[in-house]
Chemist: 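Quick one: structure below, then a few questions.
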Amino acid sequence: MIYVIGIGPGCREMMTEEAIEAIKKSDVIVGYKTYISLIEDLIEGKEVLQNGMRNEIDRCKAAIEIEATGKTVAVVSSGDSGIYGMAGLVLELASKEEKRPEIKVVPGVTASIGAAAVLGAPIMHDFCHISLSDLLTPWEVIEKRLRLAADADFVICLYNPRSKGRSEHLSKAFDIMREFKGGDTPVGIVKNVGRDGEEKHIMTFDTMNFEIVDMTTMVIIGNKETYIDGDRMITPRGYRL
Ligand code: SAH
């Protein structure tokens, strides 16, 4: 059996019981080292296979090979494994195997949901996830999605918003959305959701500070109805009050 597990954004409270049980049942744990370190106390004495971020394919292939030897394997991702995590890759690789491994995807609290709770209720209405990473997606596709999502007035949750190598992606994304998003559109920023150093900032399109955003940050951009109430961000569902 391969469990493909989302361990939530960082803290134990945001991990599901199903995820904890699946980890306990596994003989071998496969994952990126930052995620492994978040569950260290759960995996004492278990075999651990961790390698660098760019080796996702090898890591998932190894999980399939180990499962074929009769062991139970946990492939862990942060947040949810089906949202920019390992679930798709494990299932894609398994679909090419002659003898299909048994796979169970175990859901987790994704970063946008964790960040939304910290901010208040910013994703109460239709929203979308867009990753600004162009490692696996052409930048033109990302630009098109940003433009159309902003035009359709979705609340937009940005994953992979800014790294050292691609520090300008976030400001470029804002330039594209600016055509449709007013200057007073609320922008919620949450760093390290559920981890040490959790930080939240509520700004607007005009007062946005790109410098505070890094790769463990969620950026949530409101729709035309979203407003700021003190330290909260609220997107009305449409109730007449
Ligand atoms: N599978 C993960 C997403 C992986 S993509 C999930 O479902 O959450 C990595 C991006 O997710 C990061 O660049 C960041 O934008 C976001 N992210 C992951 N963990 C986070 C956390 N604890 N706090 C804020 N953002 C986080």
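For the single chain, residues carry numbers from 1 onward in sequence order. Indexing begins at 1, ligand by ligand and atom by atom, following the structure's order. Note that the structure is predicted; figures quoted are calculated from it, not measured.
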Chemist: Look at atom 6 (C) of ligand 1 and say which protein heavy atom is nearest, naming residue and atom and giving the distance to 0.1 Å.
Modeler: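 Closest protein heavy atom to atom 6 (C) of ligand 1: T110 OG1, 3.3 Å.
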
Chemist: Would you mind listing which atoms of ligand 1 come within a distance below 4.0 Å of any non-hydrogen atom of M218?
Modeler: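 Within the 4.0 Å cut-off of M218, ligand 1 contributes 24 (C), 25 (N).
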
Chemist: Any salt bridge linking K181 with D206? Criterion: basic side-chain nitrogen under 4.0 Å from a carboxylate oxygen.
Modeler: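 D206 and K181: not salt-bridged.
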
Chemist: When rounded to the nearest 0.5 angstrom, what is the spacing between CD1 in I202 and CE in M233?
Modeler: 7.0 Å

Chemist: Hey, are Y84 and S133 close enough side-chain-wise for a donor-acceptor pair under 3.5 Å?
Modeler: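 No donor-acceptor contact under 3.5 Å links the two side chains.
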
Chemist: Does an N or O from V193, backbone or side chain, lie closer than 3.5 Å to an N or O of ligand 1?
Modeler: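 Between V193 and ligand 1 (N or O atoms, distance only) the closest approach is under 3.5 Å.
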
Chemist: For atom 15 (O) of ligand 1, what is the closest protein heavy atom, and at what distance to 0.1 Å?
Modeler: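 Result for atom 15 (O) of ligand 1: T217 O, 2.7 Å.
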
Chemist: Of all the heavy atoms in G10, does at least one lie under 4.0 Å from an atom in ligand 1?
Modeler: no

Chemist: Any atoms of ligand 1 less than 4.0 Å from a non-hydrogen atom of P161? List them with their elements.
Modeler: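 Near P161, meaning under 4.0 Å from one of its heavy atoms, ligand 1 has 13 (O), 15 (O).
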
Chemist: In terms of atom number and element, which parts of ligand 1 are under 4.0 angstrom from non-hydrogen atoms of G79?
Modeler: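 Reading through ligand 1 atom by atom, the close ones are 6 (C), 7 (O), 8 (O).
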
Chemist: To the nearest 0.5 Å, what is the distance between CD1 on I2 and NZ on K104?
Modeler: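 Rounded to the nearest 0.5 Å, the CD1-NZ separation comes out at 14.0 Å.
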
Chemist: Please say whether V190 places an N or O atom under 3.5 Å from an N or O atom belonging to ligand 1.
Modeler: no

Chemist: Under a 4.5 Å cut-off applied to non-hydrogen side-chain atoms, are V109 and P9 in contact?
Modeler: yes

Chemist: Check whether any side-chain heavy atom of I23 sits under 4.5 Å from a side-chain heavy atom of I43, and report yes or no.
Modeler: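 The answer is yes; the side chains approach within 4.5 Å.
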
Chemist: Does the side-chain contact (heavy atoms from CB on, under 4.5 Å) test come out yes or no for K191 and T216, once each step is laid out?
Modeler: CA-CA 6 Å; K191 285 172 99 151; T216 346; over 6 Å; no

Chemist: Is there a polar contact between ligand 1 and G85, counting only N or O atoms under 3.5 Å apart?
Modeler: no

Chemist: Would you check the N or O atoms of M215, main chain and side chain alike, for any that come under 3.5 Å of an N or O of ligand 1?
Modeler: yes

Chemist: Identify whether V187 and I234 are in the same connected component of the hydrophobic contact network (ILVMFWY, side-chain heavy atoms under 4.5 Å).
Modeler: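 Cluster IDs for V187 and I234 differ.
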
Chemist: Nearest protein heavy atom to atom 4 (C) of ligand 1, by residue and atom, and its distance?
Modeler: Y84 O, 3.6 Å

Chemist: Using heavy-atom distances only, which candidate in T216, V213, T34 approaches atom 24 (C) of ligand 1 most closely?
Modeler: T216

Chemist: Atom 11 (O) of ligand 1: which protein heavy atom is closest, and how many Å away?
Modeler: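 Answer, as residue, atom name and distance: Y159 CD2, 3.3 Å.
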
Chemist: For atom 8 (O) of ligand 1, tell me which residue out of S131, S77, C157, A111 has the closest non-hydrogen atom.
Modeler: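 Considering heavy atoms of S131, S77, C157, A111, the nearest to atom 8 (O) of ligand 1 sits in A111.
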
Chemist: Show the atoms of ligand 1 that are less than 4.0 angstrom away from any heavy atom in R195.
Modeler: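 Reading through ligand 1 atom by atom, the close ones are 19 (N), 22 (N).
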
Chemist: Using a heavy-atom cut-off of under 4.0 Å, does the side chain or the backbone of S78 touch ligand 1, or both, or neither?
Modeler: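 Under 4.0 Å from ligand 1, S78 contributes backbone and side-chain atoms.
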
Chemist: From I7 CD1 over to S78 OG, what is the distance, rounded to the nearest 0.5 angstrom?
Modeler: 6.5 Å

Chemist: Any side-chain heavy-atom pair from K25 and M1 closer than 4.5 angstrom?
Modeler: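 K25 does not reach M1 side chain to side chain.
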
Chemist: What atoms of ligand 1 come within less than 4.0 Å of a heavy atom belonging to I83?
Modeler: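 The atoms of ligand 1 under 4.0 Å from a heavy atom of I83 are 1 (N), 2 (C), 3 (C), 6 (C), 7 (O).
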
Chemist: May I ask you to test the N209-H201 pair for a side-chain heavy-atom distance under 4.5 Å?
Modeler: no

Chemist: Ion pair present between E211 and R162, side-chain N to carboxylate O less than 4.0 angstrom?
Modeler: yes

Chemist: Provide, to 0.1 Å, the distance between atom 9 (C) of ligand 1 and the closest protein heavy atom, together with that atom's residue and name.
Modeler: N160 OD1, 3.4 Å

Chemist: Using a strict cut-off of 4.0 Å, indicate which atoms of ligand 1 neighbour a heavy atom of P9.
Modeler: 22 (N)

